[in-house]
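Please find one structure pasted underneath; my questions will follow.
The sequence lines fix the lettering, A, B, ..., with proteins before strands; numbering per chain opens at 1.
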Amino acid sequence: MVSPDELDGLFARVADGDRAAFGPVFGALYPRVLAVCARITGNGADAEDAAQATMVKLFEQSHRYEPGRSVLGWAIALAVWEARTVSRANQRRSARSSSDFALESLEDRGRAADDLLADHEMEQLLEVAIADLSATQQAAVQATLRGYIPADAAGAATLRKQRQRALVQLREWFTRRLRPSDPRSP
Amino acid sequence: MTTALMMPTLDAARGRVARAYELARARRALQSSLWVLPAVAVALALALAERRVEVALLGLVLVASVWLADWRGKEWGRALPAGLVGGLLTFGAAISGRWVMVDCCASGAGCSDWCVPACATAGGLVGLLTVLDAGRAANPLPRIATSASLSAMGGAMGCACIGYTGAGAMLIAMSLVLLPGGIWLVRRTLGVVPTP
């Protein structure tokens with residue numbers, strides 16, 4: 001374990017361009033910086049990102065190091081800053097994704113409302129279309145919608161024929177209705 | 001997390017930090033080397049037309065040497081102030097010769113009256129300063145080599161404005177001081193002669 005004083009001496013050598021001191025300084029500082037970042041971010045991947053960013057900044061600015069200053073203190077201050085930056089970025093990201101979720105659910109609700117409205121319009125149209133049918137065909141449609149099944153075979157056959165005619169009429173009515181350019185549309 | 005799993009991450013982090021460190025050093029060295037450009041520009045402006053290519057080449061080598069020394073660091077980097085001051089002295093001596101002897105230097109006659117002695121004196125003086133500066137270093141050889149090279153290049157750039165005789169005189173005078181001084185410093189480092 002490298003003592004803080006030894007670390008200061010080693011870092012002064014790194015600042016002077018001594019590459020041989022790089023490995024010992026990195027080996028001594030990285031685990032401590034990673035531990036600080038892990039405590040702040042509470043997430044392994046984020047802690048590693050913050051620790052690497054800290055080490056990059058520390059070594060990039062090594063020429064600014066003044067002998068006698070505590071490099072460990074400097075590294076920890078940088079680590080706290082970087083870890084908080086990573087945490088804040090994550091918070092913003094999660095807040096953005098939850099607002100996106102809220103927006104999506106609003107859109108879903110909007111879509112559901114549109115569907116409801118369309119269904120309602122369709123029901124109204126269906127009522128108008130049924131009203132245009134003849135009285136026998138209207139009775140056949142009402143009997144089918146209510147689930148009425150005639151007891152005798154002749155009654156059932158008549159109802160089936162009336163229902164088929166009603167369906168043909170309804171199809172024609174809707175075809176005319178859904179073709180607005182058609183001058184015959186009601 | 002096991003050590004085996006942690007190793008690639010640690011190696012990757014170490015590699016990334018090492019690259020950032022080297023890049024930062026290279027950037028900073030580039031900034032330092034740019035300080036030499038005004039001297040190169042002055043030398044080019046004052047150089048005789050037929051010497052401009054040599055002066056430009058010397059200037060380029062000087063800029064590259066300053067960058068290399070600053071990026072390398074340690075004694076090479078610490079030699080930069082002495083080397084640049086020495087280079088400025090020899091360069092200044094040669095340039096002053098160019099100014100004082102404008103007419104004679106333009107014709108090529110009479111340069112030895114002023115330029116050659118000025119370059120030789122500056123070379124000897126810078127050699128002495130280099131030895132004195134290297135005497136304070138723990139490892140004097142890279143310090144002497146770097147600062148003497150930079151001084152010689154700076155002086156040669158100035159002297160080459162006029163002619164090779166001045167540059168040669170400067171280098172000979174510098175060597176006459178540097179060689180015995182350097183040998184004495186190396187012997188002192190090896191413990192052959194006692195440290196004063």
Given a strict heavy-atom distance threshold of 4.5 Å, which part of A/Arg13 is in contact with chain B: side chain, backbone, both, or neither?
->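 Neither part.
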Does CZ belonging to A/Arg69 count more than 12 external heavy atoms closer than 6.0 Å?
-> yes
Measuring heavy-atom distances to chain B, does A/Ala51 have an atom under 4.5 Å in its side chain, in its backbone, in both, or in neither?
->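 Neither part.
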Give a yes or no on whether B/Leu88 and B/Leu62 share a hydrophobic cluster (residues Ile, Leu, Val, Met, Phe, Trp, Tyr; joining criterion: side-chain heavy atoms under 4.5 Å apart).
-> no
Answer with yes or no whether the hydrophobic clustering places B/Leu141 together with B/Leu190; edges join I, L, V, M, F, W, Y residues whose side-chain heavy atoms lie under 4.5 Å apart.
-> yes
B/Phe91 and B/Leu125: same hydrophobic cluster, using ILVMFWY side-chain contacts below 4.5 Å?
->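 B/Phe91 does not cluster with B/Leu125.
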Side chain, backbone, both or neither of B/Arg28 within contact of chain A (heavy atoms, under 4.5 Å) = side chain
Report yes or no: do B/Met174 and B/Leu128 belong to one cluster of Ile/Leu/Val/Met/Phe/Trp/Tyr joined by side chain heavy-atom distances under 4.5 Å?
-> no
Atom of B/Arg16, atom of A/Val56 and distance for their closest heavy-atom approach = NE-CG2, 4.1 Å
Distance in Å, B/Arg14 CZ paired with A/Phe59 CZ, rounded so as to fall on 0.5 Å steps =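 It comes to 9.0 Å.
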Say whether B/Leu129 and B/Trp76 are linked into one hydrophobic cluster, either directly or through other cluster members, by side-chain heavy-atom distances under 4.5 angstrom.
->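 Result: no, two separate clusters.
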Nearest-0.5 Å distance that lies between atom CZ in B/Arg19 and atom CD in A/Glu60 = 12.0 Å
Given B/Glu22 and A/Arg19, is the side chain to side chain contact (heavy atoms under 4.5 Å, CB included) satisfied, shown in steps?
-> CA-CA 10 Å; B/Glu22 293 298 348; A/Arg19 271 73 169 177; 2.8 Å; yes
CD/B/Glu75 to CG/A/Asp18 distance, rounded to the nearest 0.5 angstrom?
-> 11.0 Å
Kindly determine whether B/Tyr21 and A/Val14 satisfy side chain to side chain contact (heavy atoms under 4.5 Å, CB included), including the steps that lead there.
-> CA-CA 9 Å; B/Tyr21 171 66; A/Val14 168; 3.6 Å; yes
Might you work through the side chain to side chain contact (heavy atoms under 4.5 Å, CB included) test for A/Phe26 and B/Leu10, ending with a clear yes or no?
-> CA-CA 10 Å; A/Phe26 185 87; B/Leu10 194 66; 4.2 Å; yes
What are the two closest heavy atoms between B/Val17 and A/Gln52, and how far apart are they?
-> CG2-O, 4.3 Å
Considering residues, nucleotides and ligands other than A/Arg160, do more than 12 of their heavy atoms fall under 6.0 Å from its CZ?
-> no
